[in-house]
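All remarks here apply to the structure that follows.
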Amino acid sequence: MKLITIPYAGGNKFSFAGLSPFLKDDVEIINVELSGRGARMSEARHTSIPEMVDDLFKTYKHHFSGKYALYGHSLGGTLGHLLIRRLTDEGYPLPLYFFVTGNGAPRSKETNKLTKTPRHLMTDAEFKAELRNMGGCPKEVLNNEQLMDFFTPILKDDFKAIESYTYTRDVPYNVPLLVIVGTEESYTDEDIALWGEETCADFHWFRLPGNHFFILNHFEKIAQLIKESLKKEVKV
């Protein structure tokens, strides 16, 4: 069984390293590296969701076979959702399960209008304050001007992709879906429940304590839920 993990804005293939100790005996983790960062730093970054999904499909399509599941946090959840659409269109085997954390349903982004400046258009000072409020960005990075100069363009490109994404309704896919969000996130219950419109298979959602990066404190619990969910579909 493979678990293909798709990172959040600014993330890389190490973003889910905390899962490994709790899954390594049961699941092979395939950590996605998006273009323009980490081991793929020399490649051009993409600033639109469709471009990211296309790159994700072409780069990792050799993994979309056999017994596998997808897991994405925040941006990764949106990319995973649209990757399943792409896999359907291309006739590839679909994942046995789709796990999403820190993300309202794709359709909620269409109905919820922005009430403040989009993050990718913020000044660097505003953007830094926003990152501090969201959590997840180490203080060592936030307080280091050189590191912020390096990471800010990557993060803003990712946010540009997210904030320019337009939802398109499609036929629900037959992939069980588990969605988990933090208790301190701004997503309403409706924002989360709308995920149920994207699948015709089992759908469950709930909250765990914390802000947008609650996952950093709950990797053991998330790993447990992943293993339990996969065992319902196939013997791991």
Side-chain angles (χ1 to χ4, degrees), residues 2-20 23 28-64 68-84 86-87 98-103 106 109 118-165 211-216 219 222:
K2 294 178 291 189
L3 178 68
I4 300 170
T5 65
I6 311 175
Y8 41 82
N12 55 40
K13 66 179 182 180
F14 299 109
S15 295
F16 298 97
L19 272 179
S20 183
L23 287 178
E28 177 189 4
I29 301 177
I30 308 296
N31 293 305
V32 164
E33 187 84 280
L34 299 176
S35 64
R37 66 210 72 198
R40 301 180 66 192
M41 184 61 69
S42 62
E43 301 177 36
R45 290 195 303 271
H46 299 298
T47 58
S48 79
I49 294 295
E51 288 176 331
M52 287 181 165
V53 173
D54 185 60
D55 174 76
L56 187 56
F57 172 76
K58 291 177 178 177
T59 305
Y60 292 93
K61 62 183 178 181
H62 58 289
H63 286 299
F64 305 133
Y68 75 97
L70 293 180
Y71 170 34
H73 179 77
S74 194
L75 166 65
T78 300
L79 294 178
H81 162 70
L82 293 173
L83 178 60
I84 294 174
R86 178 67 177 271
L87 292 167
F98 181 29
F99 304 99
V100 177
T101 54
N103 199 332
K109 295 174 176 58
R119 293 184 178 102
H120 76 278
L121 296 179
M122 289 179 174
T123 66
D124 287 351
E126 291 172 333
F127 190 66
K128 184 177 180 179
E130 181 71 5
L131 293 178
R132 198 180 297 277
N133 290 334
M134 290 176 67
C137 190
K139 292 180 180 179
E140 293 80 6
V141 174
L142 288 170
N143 296 330
N144 186 306
E145 187 174 341
Q146 287 184 317
L147 287 176
M148 284 302 297
D149 287 344
F150 176 78
F151 283 112
T152 294
I154 297 174
L155 283 161
K156 283 193 172 182
D157 279 352
D158 284 351
F159 279 120
K160 181 178 180 180
I162 297 167
E163 292 165 342
S164 61
Y165 166 65
N211 59 22
H212 187 58
F213 284 95
F214 70 94
I215 60 171
L216 301 178
F219 276 132
I222 292 169

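Throughout, residue positions are numbered sequentially from 1 according to the sequence presented.
Under 4.0 Å is where a charged nitrogen must lie from a carboxylate oxygen, and between D54 and R86 at least one such pair does. The existence of a salt bridge linking D55 and R45 is excluded, since no basic side-chain nitrogen approaches an acidic carboxylate oxygen closer than 4.0 Å. A salt bridge is absent between R37 and D157; no separation between the charged side-chain nitrogens and carboxylate oxygens falls under 4.0 Å.
Across all non-hydrogen atoms, the minimal contact from L19 to I222 is CD2-CG2, 4.2 Å. Scanning all heavy atoms of the two residues, the minimum distance from F214 to G102 falls at CE2-N, 4.0 Å.
In this structure, the ring of F98 has its center no less than 6.0 angstrom from the ring center of H81.
E51 places no side-chain N or O within donor-acceptor distance of the main-chain N or O of H46, the cut-off being under 3.5 Å. In this structure a side-chain-to-backbone donor-acceptor pair under 3.5 Å is present from Y60 to E33. The backbone N or O of T101 lies less than 3.5 Å from a partner atom in the side chain of H73, making a donor-acceptor pair.
In this structure, the separation between OG on S15 and CD1 on I215 is 8.0 Å, given to the nearest 0.5 Å.
No more than 12 heavy-atom neighbours from other residues, nucleotides or ligands sit within 6.0 angstrom of NZ on K160. For K13, the NZ atom counts as loosely surrounded, since its 6.0 Å shell holds 12 or fewer non-hydrogen atoms of other residues, nucleotides or ligands.
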Check against side-chain contact (heavy atoms from CB on, under 4.5 Å), L83 and F64: CA-CA 10 Å; L83 178 60; F64 305 133; 3.6 Å; yes

Working for side-chain contact (heavy atoms from CB on, under 4.5 Å), residues T47 and H120: CA-CA 10 Å; T47 58; H120 76 278; over 6 Å; no

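Using modelled atom types, one finds a donor on one side chain and an acceptor on the other under 3.5 Å when comparing T5 with N31.
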